[in-house]
There are 2 protein chains.
Amino acid sequence: MTIKLDAYDRILLAAIQQDARTAQSELGERANLSTAAVNRRLKLLAGAGVIERYTARLNPKALGYPLTIIVEVAVENERADLLQEMQRSFKACPQVQQCYYVAGECDFVLVFLVRDMEQYVALTHTLFHDNDNVKAFKTLVAMDRVKYGMDVPVDGPPG
Amino acid sequence: MTIKLDAYDRILLAAIQQDARTAQSELGERANLSTAAVNRRLKLLAGAGVIERYTARLNPKALGYPLTIIVEVAVENERADLLQEMQRSFKACPQVQQCYYVAGECDFVLVFLVRDMEQYVALTHTLFHDNDNVKAFKTLVAMDRVKYGMDVPVDGPPG
DNA sequence: CCTGAAATATCTAAAAG
DNA sequence: CTTTTAGATATTTCAGG
């Protein structure tokens, strides 16, 4: 399941994580590999799921979603079917950018992207107030996205 | 500053957000545009900052980072220079994947990607315990990444 | 596993309607 | 905006070490 990554792979992965449009010839120069080798490795890494997908990161503000809101949700009952139904509703909501099921003081942490507070309030109704299994939720409005992205550290193994 | 997006742009943006490697010819077919028009629009959108960057999303587990941890940090003093110094230290830490400066019960929300709990504990020392301006922090360990990514809703304007 | 070269496919820019 | 053309780039495959 866990594919073994060598130093070449890590160079490639670090580079395409930063800029997915880096040409394979350029990647080859950086890693000291031929473009054919780069191509083969990238395909392997994608097939193995190390590369999950290639994506364009869009500017939320430019698309009319200037507000980032982080929400902690506590549930009443942790019954599996109830949790799954909640997860389904969160996943189905386009304004829920991220959702984590967590252990600790609360049960879910959500990251919302919304047009305005009005839209957020409306979503709290459909997602939280209308759900009997939501015990409480806490709203944190982001004033600044200090660091964002899905970047994974690409350093060597721990040893 | 805010570029005006038409329905064509939104089709293109939604498509490349899902798969940045979709060929422009394919994008043209979906939006009913020529590849030349697609190319022109994509360049414009990138230049205007609507497209922030093209990136490969990597699998954290495959790279040895199986643990996602969410942390709420409360500060002692909100003096600008102290806050900036904290933000700098968070940004500089590769294991801090995301950081939001928030209004509410706490001041920062961080998303960590770590190899194991030991690494997380070590980071709490350098980032929190060793910083006099950190009043408290709360740790939430993610059991499941229900939904993740940086996807922005690409629907039409509110009206 | 690799390289290098050849074959495809894609992208980009220009010209003209 | 479109289409078409043409040339530059990039990707992918294949032969062979």
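Below, chains carry the letters A, B, ... as their sequence lines are ordered, and counting in each starts from 1.
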Fill in: Whether B:T55 side chain and A:Q17 backbone form a donor-acceptor pair below 3.5 Å
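A pair under 3.5 Å: yes.
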Worksheet item: Counting distance only, does the side-chain N/O of A:E76 pair as donor-acceptor with the main-chain N or O of A:D132 below 3.5 Å?
Response: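 Between the backbone of A:D132 and the side chain of A:E76 there is no qualifying donor-acceptor contact (under 3.5 Å).
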Worksheet item: In whole angstrom, what separates B:I16's CD1 from C:dT10's C1'?
Response: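 B:I16 atom CD1 is separated from C:dT10 atom C1' by 16 Å.
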Discussion item. The test is salt bridge (charged side-chain N to carboxylate O under 4.0 Å, His left out); show your working for B:D19 and A:R53 and say whether it passes.
Written reply: CA-CA 7 Å; B:D19 179 5; A:R53 65 179 202 173; over 6 Å; no
Practice prompt. Using a 4.0 Å cut-off on protein heavy atoms (strictly under), produce a 5'-to-3' string for nucleotides 1-17 of chain D with B for base contact, S for backbone-only sugar-phosphate contact, and - for none.
Written response: SSB------SSBB----
Worksheet item: If you count the non-hydrogen atoms of other residues, nucleotides and ligands that lie under 6.0 Å from OH in B:Y8, is the total more than 12?
Response: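 No.
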Fill in: Summary of side-chain hydrogen bond (donor to acceptor under 3.5 Å, both in side chains) pairs that have at least one residue in residues 89-104 of chain A, sequence neighbours excluded
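For residues 89-104 of chain A: A:Y65-A:Q95, A:E78-A:Y101, A:Q98-A:Y100, A:Q98-B:Q98.
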